[in-house]
Amino acid sequence: GSVIDGVEIRYQIRKTNGDWQYNTQDYLLGMPEKRNYVVGIAAVSETEAYAHASVGGSNVWGDIRFWELGTPPALQSGDWSGIWRADLDTRMRSRNGMIYFASANAFTRNNIVFSMAPAGPDLFAQLQDNAQIHDQGSSYRGNPDIAVDPSGAAHLIYGAFQEIFYNRY
């Protein structure tokens with residue numbers, strides 16, 4: 001594949017003992033899409049994980065597509081529109097059964113989207129419902145990152161021009 005035409009994104013699950021969950025093959029997350037090179041994953045257990053990848057469309061901004069991994073094939077959960085730009089990144093983390101997500105789009109919305117929700121079949125809808133918008137700073141907000149401490153508190157950091165912003169959840 002290529003950056004413009006997209007690449008094949010494949011997954012395989014490895015057990016904690018080092019063996020592969022499915023020895024026969026790895027699995028494809030959909031077909032190649034334009035600018036699908038921003039990929040994140042959050043593992044909840046040895047058999048449960050969630051992933052996302054960018055879908056760029058005709059420009060450098062677009063959707064983030066979510067999947068539930070586990071027993072192949074991956075189940076596509078949905079596309080979240082308007083929250084991503086190619087050079088500004090996304091992040092996904094997990095801890096104690098919770099999924100944490102952040103994304104940036106400085107072009108059409110100029111904000112950071114942060115959300116968290118319990119892992120499970122309704123994860124995508126709950127992430128959208130729980131979304132928090134961050135627009136502190138003077139301009140061009142982007143490059144969010146998330147850390148989750150042992151107590152389960154999420155720490156969101158992102159940049160805005162010549163400033164850095166921190167939020168704790």
Side-chain angles (χ1 to χ4, degrees), residues 9-23 25-30 36-55 62-86 88-106 109 111-137 141-160 163-169:
I9 302 170
R10 297 183 169 274
Y11 80 98
Q12 176 61 280
I13 298 173
R14 187 172 232 163
K15 297 178 185 180
T16 54
N17 69 4
D19 293 340
W20 292 104
Q21 182 79 17
Y22 309 104
N23 291 323
Q25 67 184 40
D26 53 357
Y27 294 88
L28 184 64
L29 294 181
N36 67 341
Y37 47 80
V38 176
V39 179
I41 188 166
V44 176
S45 71
E46 194 173 284
T47 59
E48 183 181 11
Y50 300 86
H52 73 270
S54 53
V55 179
D63 299 345
I64 297 294
R65 180 162 296 149
F66 287 78
W67 289 276
E68 183 178 343
L69 309 180
T71 304
L75 300 174
Q76 186 175 326
S77 304
D79 290 356
W80 197 343
S81 297
I83 63 167
W84 169 80
R85 180 183 156 114
L88 299 177
D89 221 348
T90 63
R91 291 286 187 268
M92 190 184 302
R93 306 280 189 256
S94 69
R95 185 165 190 95
N96 298 330
M98 290 290 290
I99 304 295
Y100 305 84
F101 173 77
S103 186
N105 182 344
R109 292 189 179 174
N111 62 27
I112 304 295
V113 174
F114 173 81
S115 190
M116 58 186 179
D122 295 329
L123 174 67
F124 178 68
Q126 288 188 36
L127 286 173
Q128 289 184 303
D129 289 347
N130 297 339
Q132 302 292 315
I133 304 300
H134 292 269
D135 57 7
Q136 297 98 336
R141 297 160 188 96
N143 300 321
D145 203 356
I146 307 166
V148 183
D149 67 30
S151 74
H155 305 269
L156 171 69
I157 190 168
Y158 66 93
E163 303 166 294
I164 297 174
F165 292 89
Y166 166 80
N167 293 270
R168 182 177 185 270
Y169 286 91

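Computed from heavy atoms alone, side chains included, the values below leave out hydrogens, waters and symmetry copies. Given the structure is predicted, the values throughout are model-derived calculations rather than measurements.
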Parallel, tilted or perpendicular: ring planes of Y169 versus H134, cut at 30 and 60 degrees: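 Perpendicular, since the angle between the ring planes exceeds 60°.
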
Mind telling me whether H52 and F101 have parallel, tilted or perpendicular rings, with 30° and 60° as the class edges?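 Ring orientation, 0 to 90° scale: perpendicular.
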
Counting distance only, does the side-chain N/O of N130 pair as donor-acceptor with the main-chain N or O of S115 below 3.5 Å?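 No, because the side chain of N130 does not come within donor-acceptor range (under 3.5 Å) of the backbone of S115.
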
Has S103 got a side-chain atom pairing as donor or acceptor with T90's backbone, closer than 3.5 angstrom?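 Checked: no pair found.
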
Closest contact, heavy atoms only, [X] versus [Y]:
X: R93; Y: I146; result: NE-O, 3.0 Å
X: P150; Y: R95; result: CA-NH2, 3.1 Å
X: S54; Y: W84; result: CB-CZ2, 3.2 Å
X: V113; Y: A131; result: CG1-CB, 4.0 Å
X: G137; Y: A160; result: CA-CB, 3.9 Å
X: L156; Y: F114; result: CD2-CB, 3.8 Å

Looking at side-chain heavy atoms only, is the closest gap between [X] and [Y] below 4.5 Å?
X: I41; Y: L69; value: yes
X: R141; Y: D135; value: yes
X: D149; Y: R168; value: yes
X: F66; Y: L127; value: yes

Determine, step by step, whether V148 and M98 satisfy the side-chain contact (heavy atoms from CB on, under 4.5 Å) criterion, reporting the C-alpha distance in whole Å, the side-chain angles of both residues, the deciding distance to 0.1 Å, and the verdict. CA-CA 10 Å; V148 183; M98 290 290 290; over 6 Å; no

Testing D145, N111, L88, N167 for side-chain contact (heavy atoms from CB on, under 4.5 Å) with Y158, which one passes?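 Considering D145, N111, L88, N167, a side-chain contact (heavy atoms from CB on, under 4.5 Å) with Y158 is found only for N167.
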
Which pairs of donor and acceptor atoms, one on a side chain in residues 72-80, lie under 3.5 Å apart (sequence neighbours left out)?
from: D79; atom 1: OD1; to: R65; atom 2: NE; distance (Å): 2.7
from: D79; atom 1: OD2; to: R65; atom 2: NE; distance (Å): 3.4
from: D79; atom 1: OD2; to: R65; atom 2: NH2; distance (Å): 2.8

Can L123 and E68 be said to form a side-chain contact (heavy atoms from CB on, under 4.5 Å), step by step? CA-CA 9 Å; L123 174 67; E68 183 178 343; over 6 Å; no

Who are the salt bridge (Lys or Arg N to Asp or Glu O under 4.0 Å) partners of R10, not counting sequence neighbours?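 R10: salt bridge (Lys or Arg N to Asp or Glu O under 4.0 Å) contacts with E8, D26.
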
What's the spacing between F124 CZ and I99 CD1 if we round to 0.5 Å?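 Answer for the CZ-CD1 pair, F124 versus I99, is 14.0 Å.
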
